[in-house]
Amino acid sequence: MPPPVHPGIAPLLDQLNRIILGKDRQLRLALACMLARGHLLIEDVPGVGKTTLAHALARSIGLAFQRIQFTSDLLPADVLGASVYDRDSGSFTFHRGPIFAQFILADEVNRATPKTQSALLEAMEEEQVTLDAASHPLPQPFFVIATQNPSYQVGTFALPESQLDRFLMRIALGYPDRAAERELLTGADRRAAAARAAPVLDVARFLALQEGAAAVFAAPALIDYLQALIEASRRAPQFTSGLSPRAGLGLLAAARAWAFIGGRDAVLPEDVQAVLPAVTAHRLRPAQAQEHASPTALVEDWMTSVPLP
Amino acid sequence: MRLPRLFPAARDALGADRAAQALPAGRSAMQTLLIAIVPVLLPHLAHLPGWCIAFAGLMFAWRAWITWADARGDAALPGRLLLLFLMLAALAATLYTHRTVFGRDAGVTFVTVLLSLKLLEARTRRDVVVAILLSYFLILTNFFYSQSIGTAALMLAALWLITAALIAASRDAAPMAPARLARLAATILAQALPMMLLLFVLFPRVQGPLWGLPADARVGVSGLSDSMSPGLITELSLSDGIAFRVSFSGVPPRGADLYWRGPVLSEFDGRNWRASAPNPMRPARFEPAGAPVDYEVTLEPSNRPWLFALEMPTRLPAFGRLTADLQPVTDRPVSARLRYTARSYPGYRALATEESADLAPYLALPPRSNPRTRELMATWQLQNADPRALVERALRHFRTEEFFYTLEPPLLDNHAVDEFLFVARRGFCEHYASAFVVMMRMARVPARVVTGYQGGEINPVDGVFTVRQSDAHAWAEVWIAGAGWTRVDPTAAVSPARVERGLSGALPQRFAAPLLSRLAGDWGAQWAARARLNWEALANKWNQFVLNYSPDRQRETLERIGMKAPTWQDMVAAMSIGVGLSVLAIAAWILKAARERDPVKRAWLSLCRRMARRGLPRLPHEGALDYAERAAREMARRGMPAQRAAALREAAAAYAALRYGRESATVTPARFARLARAV
């Protein structure tokens, strides 16, 4: 039995599922991240459909889409824009960079230098670009999907923890299963399908859905559970440090969005557990003895150690 | 609920880091402790030396000022040098006052002073805990002085407050609200109660005064003495102190028959009466007659080797006997409350078998004393020398002439009896008894003074007679040939009401009879009398069952609950087992209290337990819906009917909605309980 879906989201999810095969869970997580007004980091090996997913999402919601391909010689101005001297008017005018869009795909963000990375991430955080003492607000909604190759690949600058914290979720797509793989091999081109995808939502309806997600009820018993989880992360021996208050807020927002997608008006512990690895795995630094364990497995260990209050 | 951690201080104290020892809740602990010290030290005010009260009071006030009012907080505490100096001064003062630092009084003085100084150097948790333990010890010291219900109640309150202070001092987090602190302390004490009762009942007892203390525990007990001077009984009659309590096994005798026989005084020096040296060769002789009276006496400690019994006792406890003067005595001074049963014959007949040599001491008088009385008696003797007639005449004299029964007799000079009979004519029972015996001896009738108690007051609540020091009485006995020693009570001639109705009935209101005996006589204050009676009944129970829980009583109690001839080893074994069991019971209770209080959650957990017994346990972190899903799959795999999986799903959904959802009309706790039961 497939999990239930909120009627306002079902068409969107259906369309995405037709484009990205066999990844219902990842699609839901990505959607939950957008509904919770967070940014998404997709970390996986090249060629599993990261870019296709971003394309499909942007087009289906009808957001202005920009793709920035990060390379090692990309400069901050290439992302944010620059002040250019206008000979006619005799003054500097600001030329907006590619970041001024509603939906940014920051492809292979770990290929760029830290300087460029932080230019992007600061803009994400502040939702504006400040240059030469002038602020230029970014459009609303503003959503970044960054993709990165796993950091052990050659020629990359891994994002530091402080930057990772700015992404609400980090997900991996993973290889498709057998059936999906076969359909992929025999069927039409997925990128073309993504490019052809018709919008099933508009911006206003998307904003309304975001508001609906934020209004999902969190009972005191659920807050108890959330607190127990956060406190346990701070005591857990497998992590050097626990979850920050920002991470806690993010976790609640993501759980609300997950419950909303599932068509419920109250958050359940199951919702928290569903988004927990995606929201926390990139924020918790494993303790030295656990360095080689998979972060997801560590999060699983921690989660199962906290009983429901 | 969690058990509080009581001594994290022990761990902290080992660490060198002083900052780690500083109390987050230090101020609240100190405030609670300062309040707790008030009831601990209040009863001690009566016996602490004046300088100690002033010194400790000043120190406590100083500490209280620093705690409540000084913005600098603990930084305002005095330096070590000053404290050292104060400590040495206090030690010197203690030594000067008591000549020692050991023993009860000196010990209490010194510990009080030390506590007051300890508070002034209490900066760390460890110091506060030491001060708290000292306060616990001071609670104990109050029982060296008094073991009454009032003291026990006050000390219980003190125990409660100090425990609250200990909890406050043990907290690592922010201070607790006072009400919560008090509640937690009360809970802890209540949990200790079964253990306390077990230790009380089973701890092997030893005979003797409560703490086997040095001699200073036995001074200052008021009561009859082995001599009688004018004013002694008058003084006693102002005391509400209890001499003994009696419970009769049958109908109690009339008030006029209630003569509780004590010391018999026969040597007179013109002013004071003394008991003659006991002659162990002469046996006590009388003939029981009339109906016997059986009763049980609970004697308060008097530090005298005397028992009191109704005239005339035939059966005394093994440790008691009658002297030749028919006074019931025991071998050792009564230093602890003593219980015994006795049988008396109020209608006894004395035996007229005394040799005249044996009677000589009862005729002795100091020479050349009281000439006017001697003259009067000579005249009476000429008119009628028969002893009975003389007794009658003397009593008639007291009755018809202007004699008054008063608690305010004038002071008498050397010829006390002359003075009393011819001038003052006012006196209390000892004056009448003394004058009567002197008169009889002058007329060559052997006579002696008997002291003891007359009457007593029945408590209608429990039927127990209470005999107080104010019931102390003196009467006379004359030896009449053919009839033997005969009781004559001259006071009854002057004031029959004294014997019939007790002291308060015999005195006009303005006299300073003890407050309580006046209240008892006052019709308008009947409620007060009733309250007092109830209180005394309670106090008697307290004495019987708590304070007088002697080795005998312990054996009785244990045999009643089925331990045959218990040795102390048996008691210790039973005690260990009992304490162990009670700790387990309390632990179980605490764990049960930790059990869920929310009925919805309780029903859900019970459902989960039922499922676990069928091999489908819920994981501790597993949410209701996830669990129902997983369990349903597992049930399908085992081929169980689909309705049961559906019922579980429905119950799980209802639980999730109740616990995590908004309040709704469709899903109620009752509906969930139904669903949960249906699974």
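All values reported here derive from a predicted model rather than from experimental measurement. Numbers restart at 1 for each chain; the letters A, B, ... are given by sequence-line order, proteins then strands.
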Worksheet item: Between A:V267 and B:Y660, which heavy-atom pair has the shortest distance, and what is it?
Response: O-CB, 3.5 Å
Worksheet entry | Where A:A266 and B:G661 come nearest, the two heavy atoms and their spacing | CB-CA, 3.6 Å
Worksheet, complete the sentence: Between A:Y225 and B:H621 the two heavy atoms that sit nearest each other are OH-O, 4.4 Å
Worksheet item: Considering residues, nucleotides and ligands other than A:R285, do more than 12 of their heavy atoms fall under 6.0 Å from its CZ?
Response: no
Worksheet item: Would you find more than 12 non-hydrogen atoms of other residues, nucleotides or ligands less than 6.0 Å from A:E300 atom CD?
Response: no
Discussion item. For the CZ atom of B:R659 and the CG atom of A:L222, what is their distance to the nearest 0.5 Å?
Written reply: 9.5 Å
Item to complete: Please name the pair of heavy atoms, one in B:A624 and one in A:E270, separated by the smallest distance, quoted to 0.1 Å.
Response: N-OE2, 3.0 Å
Worksheet entry | Side-chain touch A:Q273/B:D626, heavy atoms, less than 4.5 angstrom | yes
Worksheet entry | A:T304/B:L619 under side chain to side chain contact (heavy atoms under 4.5 Å, CB included): CA gap, chis, key distance, verdict | CA-CA 8 Å; A:T304 50; B:L619 302 174; over 6 Å; no
Worksheet item: For B:R180, does the CZ atom sit with more than 12 other heavy atoms under 6.0 Å from it, leaving out its own atoms?
Response: no
Worksheet entry | Side-chain touch A:L308/B:E622, heavy atoms, less than 4.5 angstrom | no
Discussion item. Other residues, nucleotides and ligands only: do more than 12 of their heavy atoms fall within 6.0 Å of CZ on A:R178?
Written reply: no
Item to complete: State whether the number of non-hydrogen atoms from other residues, nucleotides or ligands found under 6.0 Å of A:R182 atom CZ is greater than 12.
Response: no
